2 protein chains.
Amino acid sequence: MTRVLVVDDEAPILRALKINLTARRYEVSTAADGASGLAAMARERPDVLILDLGLPDMDGTDVIRGVRGWTSTPIIVLSAWGQESQKVAALDAGADDYVTKPFGMDELLARLRAAVRRASPAPDEPVVVTGEFTVDLARKRVTRSGADVRLTPTEWQLLEVLVRNADRLVTQRQLLQEVWGPGYQTEANYLRVYVANLRRKLEPDPSSPRYLLTEPGMGYRFRP
Amino acid sequence: MTRVLVVDDEAPILRALKINLTARRYEVSTAADGASGLAAMARERPDVLILDLGLPDMDGTDVIRGVRGWTSTPIIVLSAWGQESQKVAALDAGADDYVTKPFGMDELLARLRAAVRRASPAPDEPVVVTGEFTVDLARKRVTRSGADVRLTPTEWQLLEVLVRNADRLVTQRQLLQEVWGPGYQTEANYLRVYVANLRRKLEPDPSSPRYLLTEPGMGYRFRP
DNA sequence: GACGGGCGCCAAGGACGCGTGAAGACCTCG
DNA sequence: CGAGGTCTTCACGCGTCCTTGGCGCCCGTC
């Protein structure tokens, strides 16, 4: 299910969006100001952010920059009519789309669909195979010699990031950021623990890995 | 340079866009109806398509579907005010963005930048080759005659700075600053040690380097 | 021909990062 | 309310990498 975070300080709009989006089978969470919006982004990792520019505590473009600092989650911006310079600033700060209030719900929903579709251009290779195990990104399943391998949520997220960047070196910072969120960029401990777990479950010889390689001092690399 | 194809049947709008976009250093080509627009897409492979929905010969959403059949080039749609159902149909057909006429040129330009930015997340030159070895910046990988070369973090950082400034002289100060940070700008020792390491790992004859050259008294230079 | 600066090279120590096991905190079920 | 599973945190041993100093060589200069 697609998860949407709505950040707006006007309660009626918040309620209207929540009702409409929930009816369309989106999973909706909300925040009423910029600071708690940023916090919610990090905590809940929604698939899309709908952001009102007229927040009480922060400038809207600063919120956008705060989000863009660590993720490319699509951002749809809401704002009052006629503030064209704001539009430009928001788009340049990294917003993906812009809707002017008052807006039609149908238009917003269409833009939402477009944003989600753009963000997931992954009909490409949903399943990756190695000599030892196979990873099915779409089904979120891992099998090894025919049998399913049980992964915890964190283990799966970590593996997913590595597999999506197959053959690429993924920095420790990047891994921590994408799995645990910003603010964990120094907790390299977690990586050691969870990479060890994955190796134990996936590698033929966990102590001399063939697929989940560590690049000392830099990060990890998945080799298909 | 970014290439834009504008498809619109109204000559004044076509001219205005062409003038404004050209002034912004876009490379602009035009078409006046859907059929020639599709032909131009296939022929010229622009980086972005700006499409007016009100064309004389075809329905706008059909043009979008025709384009989406074979490429994911960003599409920005133009249309008259108030036709909300059209907007929805266009976005669902695969358009990336939507601008209502009359529109401000600044907004269109901002949306254009956003579309291009989304489409090309990799403005880098990811791989550099020499006669002896290849450096893949994106994958953070160095191969020499087919085999991977193991570099330590510091070695890699140093090599990366040199490769990104290929053919340019990089001063010792700059290298020390970018690899070790400010405050190390006098520790020229480090450079000697690590350049020697890199040469040992990459040069065919480390004692008479062909790719990692010393510029006495100044710094170093990478020659691809 | 002696001198000195800049560079290449080597080797040793100390610091740092990684893998590992284990224990406590936390959450989510039954 | 308890039990199982999951996440966090910590300490230890080991291997690697960084730092540092010294030495010799090749230049230029005096």
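All chains are named by letter (A, B, ...) in the order of the sequence lines, taking the proteins before the strands, and each is independently numbered beginning at 1. Predicted model only: the values in this text are computed from it and were never measured.
For the pair A:Arg150 CZ and D:dC7 P, the computed distance is 10 Å after rounding to whole Å. Between the C1' atom of D:dC7 and the CG atom of A:Leu176 lies a distance of 14 Å, rounded to the nearest Å. Put simply, CG on B:Leu198 is 14 Å from C1' on D:dC17, counting in whole angstrom units. As a whole-Å value, the separation of B:Asn197 CG from D:dT16 P is 15 Å. Whole-Å rounding puts the B:Asp205 CG to C:dG8 P distance at 14 Å.
C:dG13 and D:dG24 have their C1' atoms separated by 23 Å, given to the nearest Å.
With sequence neighbours left out, A:Asp57 forms a side-chain hydrogen bond (donor to acceptor under 3.5 Å, both in side chains) with no residue at all. Under the rule for a side-chain contact (heavy atoms from CB on, under 4.5 Å), the partners of B:Arg221 that lie at least two apart in sequence or sit in another chain are B:Leu169, B:Glu215.
Residue A:Gln185 holds its CD atom at 10.5 Å from CD of A:Gln174, rounded to the nearest 0.5 Å. We find the CD-CG distance between A:Glu178 and A:Asn165 to be 7.0 Å, quoted to the nearest 0.5 Å.
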Open item on the list: Generate the contact string for nucleotides 9-30 of chain C. Rules: B means base contact, S means sugar-phosphate contact only, - means no protein heavy atom under 4.0 Å.
Closed with: SB------SBBB----------
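Considering only side-chain atoms of B:Tyr190, the nucleotide from D:dG5, D:dC17, D:dT20 that sits closest is D:dT20.
No side-chain heavy atom of A:Asp97 sits under 4.5 Å from any side-chain heavy atom of B:Asp96. The shortest side-chain heavy-atom distance between A:Leu21 and A:Ile50 falls under the 4.5 Å cut-off.
When the side-chain nitrogen and oxygen atoms of B:Trp180 are compared with OP1 and OP2 of D:dC18, none of them lie within a distance under 4.0 Å.
Although no hydrogens or angles enter the test, the distance criterion places a donor-acceptor pair under 3.5 Å between the side chain of B:Arg199 and the main chain of B:Leu212. Remark: side-chain polar atoms of B:Asp136 are paired, donor with acceptor, to backbone N or O of B:Arg139 under 3.5 angstrom. Side-chain N or O atoms of A:Thr130 include one that pairs as donor or acceptor with a backbone N or O of A:Phe133 at under 3.5 Å. Side chain of A:Arg68 to backbone of A:Thr73: a donor-acceptor contact under 3.5 angstrom is found.
A salt bridge does not link A:Glu203 to A:Arg210: none of the charged side-chain nitrogens sits closer than 4.0 Å to a carboxylate oxygen.
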- [ ] Show the numbers, then the answer: is there a side chain to side chain contact (heavy atoms under 4.5 Å, CB included) between B:Tyr184 and B:Val179?
- [x] CA-CA 9 Å; B:Tyr184 288 78; B:Val179 177; over 6 Å; no
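Five base pairs at each end of the helix from C:dG14-D:dC17 to C:dG30-D:dC1 define two local axes, and these are offset by 20° (rounded to 10°). Each end of the helix from C:dG1-D:dC30 to C:dA12-D:dT19 gets its own axis, taken as the rotation carrying the C1' atoms of four end pairs onto the next four within a five-pair window, and the two axes meet at 0° to the nearest 10 degrees.
Taking a 4.0 Å limit (strictly below) on heavy-atom distances, residues 151-160 of chain A reaches DNA chain D at A:Thr152, A:Pro153, A:Thr154.
Screening A:Leu158, A:Leu175, A:Leu213, A:Thr171 for a side chain to side chain contact (heavy atoms under 4.5 Å, CB included) involving A:Tyr220 leaves a single residue, A:Leu175.
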